[in-house]
Amino acid sequence: MTPAEDELAANIRRQRALAGLTLRVVADACDVRLETVHRWETGARRPSAIDVAHLARALRCSVTKLLPGRDALDASRGVPVRPSLGVGQ
């Protein structure tokens, strides 16, 4: 698993905890199995781009809160760094 994939999984876990939702509630809202959400949170599977959009809606957060590297800054240029994640691959 790449660092970006680790960060995506951690962001999903963090946002679910902040929303106070169970795996079951998120799974139902995303129309997937509970095991699928668990795999996304552990990094065993990567959600597709459409799944990330469904997750953001279910977790009541923006997609950018889920994607890795969104808060990192390139110190030399002061612009957001957006590493390639390969979502859905």
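Because the structure is a prediction, the values reported are computed rather than measured.
- For the pair C30 and L55, the minimum side-chain heavy-atom distance is below 4.5 Å.
- In this structure, the side chains of L8 and P47 come closer than 4.5 Å at one or more pairs of heavy atoms.
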Exercise. Under the side chain to side chain contact (heavy atoms under 4.5 Å, CB included) criterion, do L67 and N11 qualify, and how do the steps go?
Worked result: CA-CA 7 Å; L67 297 179; N11 290 346; 5.9 Å; no
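- Judged as a side-chain contact (heavy atoms from CB on, under 4.5 Å), and not counting sequence neighbours, the contacts of A44 are R39, T42.
- Under a hydrophobic clustering in which Ile, Leu, Val, Met, Phe, Trp and Tyr are joined whenever their side-chain heavy atoms come within less than 4.5 Å, directly or via other members, L34 and V52 fall into the same cluster.
- Note: R33 CZ to H38 NE2 = 12.0 Å, rounded to the nearest 0.5 Å.
- More than 12 heavy atoms of other residues, nucleotides or ligands sit less than 6.0 Å from atom NE2 of H54.
- Hydrophobic clustering keeps L59 apart from L18 (ILVMFWY residues linked when any side-chain heavy atoms are closer than 4.5 Å, directly or through intermediates).
- A continuous path of hydrophobic side-chain contacts links V32 to V63 [ILVMFWY only; heavy atoms under 4.5 Å].
- Applying the side-chain hydrogen bond (donor to acceptor under 3.5 Å, both in side chains) rule to R45 yields no partners; only residues at least two apart in sequence or on another chain are considered.
- Remark: R24 engages D28 in a salt bridge (charged side-chain N to carboxylate O under 4.0 Å, His left out) (not counting sequence neighbours).
- Contact detail for I12 and L66: the closest heavy-atom pair is CA-CD2, 4.1 Å.
- For R14, there are no salt bridge (charged side-chain N to carboxylate O under 4.0 Å, His left out) partners two or more places apart in sequence or in a different chain.
- Applying the side-chain hydrogen bond (donor to acceptor under 3.5 Å, both in side chains) rule to E41 yields the partners R16; only residues at least two apart in sequence or on another chain are considered.
- Under the salt bridge (charged side-chain N to carboxylate O under 4.0 Å, His left out) criterion, D6 pairs with no residue at all, not counting sequence neighbours.
- In terms of the side-chain contact (heavy atoms from CB on, under 4.5 Å) criterion, residue partners of A29 (sequence neighbours excluded) are, by chain and number, A58.
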